Amino acid sequence: MSPYLPVTPDQIAQSALEAAEAGAAIVHLHARDPQTGRPTQDPALYAQFLPRIKAASDVVINITTGGSPVLPVSERMLPATTFKPEVASLTMGSLHFGLYELLERFKEFKHDWERPYLEGSPATTTARVSRSSATTSGICTRPRTSWTRAC
């Protein structure tokens, strides 16, 4: 929802490279439809910025599997399975997709899909998960033994 959010592949690459130049060791990357700003997991869009970031920096690449609450897991995983980055996030539940609370914060939207996207984010599961379990649920202290079942 930020006006500073990089949307086009060029903007995403530039933002990642600026972060690396400023000292970031890792960049967490999302792709967006360059025309609408809508989140997408289309590997063709990732292919437009990943090689550029890799060639121009030594920053660790972290590709999201978040994508969107309406995408099936198989589609959310496409960029990670296609490009095999050093790190990939794995959003396990709807807690991360309960974005409906942002409706109170934002009154104006840049794109016509944003309000319905927030309104359609799952509220029931998010409301049942406590903040303390939410902050610790993504932390794994055991060594990874496989990509699909690290903890």
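Computed from a prediction, not measured in an experiment: that's the story for all the values here.
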Taken to the nearest 0.5 Å, the spacing of Gln14 CD from Glu21 CD works out to 7.0 Å

Between the side chain of Thr81 and the main-chain N/O of Leu78, is any donor-acceptor distance below 3.5 Å? yes

On a heavy-atom basis, the closest approach of Leu17 and Ala56 is CD2-CB, 3.7 Å

For Phe49, what residues pass the ring pair (Phe, Tyr, Trp, His ring centres under 6.0 Å) criterion, not counting sequence neighbours? Tyr46

Given the rule that I, L, V, M, F, W and Y join up when any side-chain heavy atoms are under 4.5 Å apart, are Ile53 and Phe83 in one cluster? yes

Do you know the tightest heavy-atom contact between Thr82 and Pro43? OG1-CG, 4.0 Å

What I'd like to find out is whether the side chain of Asp42 reaches to under 4.5 Å of the side chain of Asp33, using heavy atoms alone. no

Any side-chain heavy-atom pair of Arg52 and Asp10 under 4.5 Å: yes

Any donor-acceptor N/O pair, Glu75 side chain to Pro72 backbone, under 3.5 Å: no

Answer yes or no: is there a side-chain heavy-atom contact under 4.5 Å between Arg32 and Leu45? no

Work out which heavy atom in Ala80 is nearest to a heavy atom in Ile63; give both atom names and the distance. N-CG2, 4.3 Å

Who passes side-chain contact (heavy atoms from CB on, under 4.5 Å) against Val27, sequence neighbours left out? Ala16, Ala19, Leu29, Val59, Ile61

Closest heavy-atom contact between Pro79 and Arg76? CD-O, 3.7 Å

Gln41 (side chain) donor-acceptor with Ala31 (main chain) under 3.5 angstrom: no

Could you work out, with side-chain contact (heavy atoms from CB on, under 4.5 Å) as the rule, every residue matching Asn62, not counting sequence neighbours? Ile26, His28, Val87, Ser89

